[in-house]
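Following: one structure in structure tokens, then a few remarks.
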Amino acid sequence: LLCKLGMEHRLGHTPKQLSGGQQARVALARALVNRPKVLLADEPTGSLDTATGKDVLDLLIGTAKSEGTAVLCATHDAKAAAAFDRVVHLL
């Protein structure tokens, strides 16, 4: 999963040696590695640039579909929300 997220060059690093975006990608890999039935994601692309955010969403949604994982994602990013099958707007 870390390789799919472009983190293979950081395998031996500690969290303090990673940027916020890199830490977010590691957290996503940790969340997916045990193949959960339900995954809660709070602003999974919030600290990422556009390209990395798209990669993270693709991995998150692709893994969820292939593993049968339900993903509940809270986000303010309309583009990120549009990537999911169902969107609920809360006011």
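Residue indices begin at 1 and follow the sequence shown. Not measured: the values here are computed from a predicted model. Note: hydrogens, waters and symmetry copies are ignored here, and every other heavy atom, side chains too, is used.
- Side-chain N or O atoms of E67 include none that pairs as donor or acceptor with a backbone N or O of R35 at under 3.5 Å.
- Closest approach of L18 to M7, counting heavy atoms only: CD2-CE, 4.2 Å.
- With contacts defined as side-chain heavy-atom distances shorter than 4.5 Å, the pair L57/T45 qualifies.
- Of the possible polar contacts, one joining the Q17 side chain to the T14 backbone as a donor-acceptor pair under 3.5 Å is found.
- Residues L60 and A41 approach most closely at CD2-CB, 4.5 Å, considering heavy atoms.
- Checked by atom type and distance alone, the side chain of E43 pairs as donor or acceptor with a backbone atom of H76 at under 3.5 Å.
- Under the 4.5 Å side-chain heavy-atom criterion for ILVMFWY residues, a single connected hydrophobic cluster contains both V26 and L11.
- When all heavy atoms are compared, the tightest approach of A24 to S47 is CB-OG, 4.0 Å.
- Listed by chain and residue number, C3 satisfy the side-chain contact (heavy atoms from CB on, under 4.5 Å) test with E8 (two or more places apart in sequence, or in another chain).
- Of the possible donor and acceptor atoms, one in the side chain of D77 sits under 3.5 Å from a partner among the backbone N and O of K79.
- Side-chain contact between L2 and R30 is absent, with no heavy atoms from C-beta onward closer than 4.5 Å.
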Could you please spell out the steps behind the side chain to side chain contact (heavy atoms under 4.5 Å, CB included) verdict for L39 and L72?
CA-CA 6 Å; L39 181 65; L72 178 61; over 6 Å; no
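- Residues R25 and V56 meet the side-chain proximity criterion, which asks for heavy atoms closer than 4.5 Å.
- At distances below 3.5 Å, not a single donor-acceptor pair connects side-chain atoms of T75 with backbone N or O atoms of A81.
- Between the side chain of S19 and the main chain of Q22, a donor-acceptor pair closer than 3.5 Å is present.
- A side-chain N or O of D49 and one of T52 form a donor-acceptor pair less than 3.5 Å apart.
- When atom types are taken as modelled, the side chain of S66 and the backbone of T63 share a donor-acceptor pair closer than 3.5 angstrom.
- L40 is not connected to L28 by any chain of hydrophobic side-chain contacts under 4.5 Å among Ile, Leu, Val, Met, Phe, Trp and Tyr, and they are in different clusters.
- Following chains of ILVMFWY side-chain contacts shorter than 4.5 Å, one cannot reach L59 starting from V38, and the two form parts of different hydrophobic clusters.
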